[in-house]
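A quick write-up on the structure given underneath.
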Amino acid sequence: MEKSLARYIWSNTRLQQMWILAVVAVSMIPYFLSFDLPKQIVNGPIQGSGFEGEGATQTFFHLSYTFPWIGKVEFFQGIQLDRLQMLMALSLVFLALVVLNGLFKFYINTYKGRLGERMLRRIRFQLIDRVLRFPPNHFKRVKSAEIATMIKDEVEPMGGFTGDAFVAPALLGGQAITALAFIIVQNFWLGMIAAGIVGVQAIVIPRMRKRLLDLGRQRQLTARELSGRVGEIVDGIGTIHANDTSNLERADIASRLGLIFSIRYDLYQWKFLVKFLNNFLAQVTPFLFYAIGGYLALQGRLDIGQLVAVISAYKDLPGPLKELIDWDQMRQDVQVKYQQVYEQFNVEPLIDEKIQEVDSDIVAPIGASIVITNLSVSDDSGARLIDHVSAEIKPNETVAIVGPNASGAEAFAEALGRVVWPDAGRITIDGKDLLELPESVTGRRISYASSDMYFFQGALRENLFYGLKHAPLQEPGYDETEATEAKWHAIEATKAGNPTLDPRSDWVDYRAAGATGPDDLLKSIRPVLDAVLISQDIMDLALRSNVDTGVHVALADHIVDLRQALRERMQQSELGNIVVPFDFDSYNAQATVGENLLFGSMKRPAMNNRRLAAHPYFQTLFRETGLSNDLYAMGLEIAENAVELFHDLPPDHPFFQQLTFMTADDIPTYQALLQKLSSRTFDDAAPEERSAIIRLSFAYIEPRHRFGLLTDELMAKIVSARKQFHENIPEDLAAVIERYDPEHFISSTSLMDNVLFGRIAYQQADASDRIRAIMGDLFDSLDLYDDVLSIGLEFDVGSGGKRLTMVQRQKLNLARALIRRSDYFIFNRPLSALDQRVQDQITHNIVNGLHHEGEKPSIIWVLSNAKLAEIFDRILLFDRGSLIEAGNFPELSEQNGMFKELLS
């Protein structure tokens, strides 16, 4: 990076700066003429100078020039105008000059604004590019929030300054010098007065502003530290709650905010003091002009036209001068910020940019061994994690790395995966240093996975296929408008020094996953998902998700077949009638009162319970059918039973998990409400009190809650009200409520509810798990498994993948490494969150699954269970950073060494 911001700007925008400086130079001509024209108007047609005789005229717009050796050449003789005509002509010229100066300013400001935005885009990209090339150990010393703040906020002023870096002093300085020169030409002493005030402003104000720069630097540093601290609080919120340190964090944040407040307050005081002095000096000059200039005019030593022209010229002097002083302050301020950015991002050694070059070609397999020679790795404190280790891992070989905690096994795997860089020694492949190999080779032919993983916010699909997106392999299909826009973006990217790679292209390397394209990608990766035991997790996500029928057409078309097949499968098994289907003419005892009444699904967020209850049609139906009183009485009994049974239980008691209509926090509220309503009827209760009571009845399920409140008469009444509700339903409600239909897909409810088209009986244990297993078989038999899997892959994993469990994240991370058909797989205790039995099962699945059909990639696995080493070709045993034993399982297990101790 360039150490000087001015040099950085000039080196990247040299030609553009020279062009705009030329435009600025040309703009000074009409700017000067606009100062002289008021004097001509006042002295000429207004005061009558040159129009003394009756009918006198003057020549307007006479163009001639005297050339050397040629003489005088006349281009235009001009037009003879009388006094009034000359006044109008000169006024129109003045107006034309105002418009021309405005157009010059418009063009200059627009050009430098575009120039600044391009430079801002360039520097932001270069900083992020440098972040991508930071050495791995550097990330342990920086806070991500601080880096993000610098790239997002602290370089923002540099973009605005880029356009002004050379143009502003030229434009503003030129305007100020032009105005000052014009004043001196009109009257020497008035010019000296203006020059003296300008000198004071140019010397005193910048010196006073040095204090502002220092305070601004302090403000910037404290704000950046606050951003980093807030990022730490967000990342460590679990630790804070677990250790009861939330008030310590509040105290720390309050202290930091207090420091920022004191700095900003001091900054404001000094800023407005400087502004006061600057404004005072600017206003003193007109006073002197009026006083001294007026005196000279009274003495006849200065004509009125000159005085008007001087005052008019000075009117345009303070503006450019003030902006020039502001520019100087901005220059110093931006240079300070750039210096801090330079220090933060000038990290050595950076990863060579050639290592990360885009390569769309097929990368040849690695057929050579990985040779480790005298490898030494240290942590940030200087403690040796690995000490002079030498080994060789051959192609097609499976190697188990075993050792106790802090043995160096994990660090050895990290070095093989380029997660850490060696202090000494080398790791080579075919004689080439691993650190010097392009990422297009190591990132495609070597896969690394550990328990330390990260997922980007977005769909599970995007994170699963992230390891396949190395280069744009197929351009997106653009229409004419999109193609034009894409071309414009590419041109702008080139001008800003950005790559022209299009993120909307298809980046997925289907060949690397063993597929021919997007159509068979899911089929090719299913063995991987099954091997890491994540298929069922994805299937469960799909079953709980709503389905876009416009995308998953086949699934929606087969929903009726699926419902029928599920019923048949359950009849053939011991599950029998475990699912009670929805029937428009009967009450479903396994569903809530609300579901039975509505017999449909609301399209959220257009409709919800609150809006439905407030709808006039719904309220009228309640009154006409008498359900208001019935459900109110039912809700009161539910509240009484719940309060009586659970008011003495602690909030975390498992019984509360059975209550769908009330939480532990609601118990005191309903206890008070019952006392208030004990002697009041439905009509006496307030609307919000009725709503709170009726809401309880809507969530009631007799087989689950068993309060004995649902009579046959009430159930029949609800079914009758349901029919009346759908018979006369208004259009606005029909548009947002999707009625249950056994012959159609219900888009506003989940896939599982669509297939079930009913409710599972609560009396059956593990019924839901058993039904999901049957559904999986059904999807497979109807060739719909990939469609369902695709729905699960659309699940948003959240920030950092936090919407997934730790177990799911580790499985997904392992799957992401496995779907890429690499030559070397390095697994560094990737499943630490899983219990040992599941770890063993997945390890067997992977080792056996990767070696099939003539494919036999090398597998290096840091094992948590030494007994699993039996399925590997060779074992490397680490202890205290050294490789102490190597051999196969029979050899090491027979020796009375550390390996035998680990097995016991």
Among all residues two or more places apart in sequence or in another chain, which pass the salt bridge (Lys or Arg N to Asp or Glu O under 4.0 Å) test with [X]?
X: Arg384; value: Asp387
X: Asp352; value: none
X: Glu485; value: none
X: Glu117; value: none

Those residues that, when tested against [X], pass ring-ring contact (aromatic ring centres under 6.0 Å, His included) (two or more places apart):
X: Phe166; result: Trp10
X: Tyr454; result: Phe456
X: His138; result: Phe134

Residues in side chain to side chain contact (heavy atoms under 4.5 Å, CB included) contact with [X], at least two apart in sequence or another chain:
X: Arg229; value: Glu232, Ile233, Glu249, Asp252, Ile253, Arg256
X: Asn498; value: Arg121, Phe125, Ala493, Ala496
X: Val377; value: Leu375, Leu385, Ile386, Ala415, Val420

Worksheet item: Can Ser450 and Asp452 be said to form a side-chain hydrogen bond (donor to acceptor under 3.5 Å, both in side chains), step by step?
Response: CA-CA 5 Å; Ser450 70; Asp452 183 18; 5.4 Å; no

How long is the span from the [atom1] atom in [X] to the [atom2] atom in [Y], to the nearest 0.5 Å?
X: Arg118; Y: Gln16; atom1: CZ; atom2: CD; answer: 7.0 Å
X: Asp129; Y: Arg124; atom1: CG; atom2: CZ; answer: 16.0 Å
X: Leu5; Y: Ile9; atom1: CG; atom2: CD1; answer: 4.0 Å

Discussion item. Checking side-chain polar atoms at under 3.5 Å, does Asn346 have a donor or acceptor matched by the opposite partner on Tyr342?
Written reply: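 Yes, Tyr342 and Asn346 have a side-chain donor paired with an acceptor closer than 3.5 Å.
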
Worksheet item: Can you tell me if Tyr8 and Gln126 form a side-chain donor-acceptor pair at under 3.5 Å?
Response: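 Distance-only check passes for Tyr8 and Gln126.
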
Item to complete: Please collect all salt bridge (Lys or Arg N to Asp or Glu O under 4.0 Å) contacts where either partner lies in residues 334-346, sequence neighbours excluded, each pair once.
Response: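 Output for this query lists Asp333-Lys337.
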
Worksheet entry | Arg803 side chain to Val797 backbone, donor-acceptor under 3.5 Å |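 No.
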
Fill in: Listed partners of Tyr107 passing side chain to side chain donor-acceptor pair (under 3.5 Å), at least two apart
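Side chain to side chain donor-acceptor pair (under 3.5 Å) check on Tyr107 returns Trp19.
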
Worksheet item: Where do Ser832 and Gln810 land on the side-chain hydrogen bond (donor to acceptor under 3.5 Å, both in side chains) test, with the steps shown first?
Response: CA-CA 8 Å; Ser832 58; Gln810 290 193 351; 3.2 Å; yes

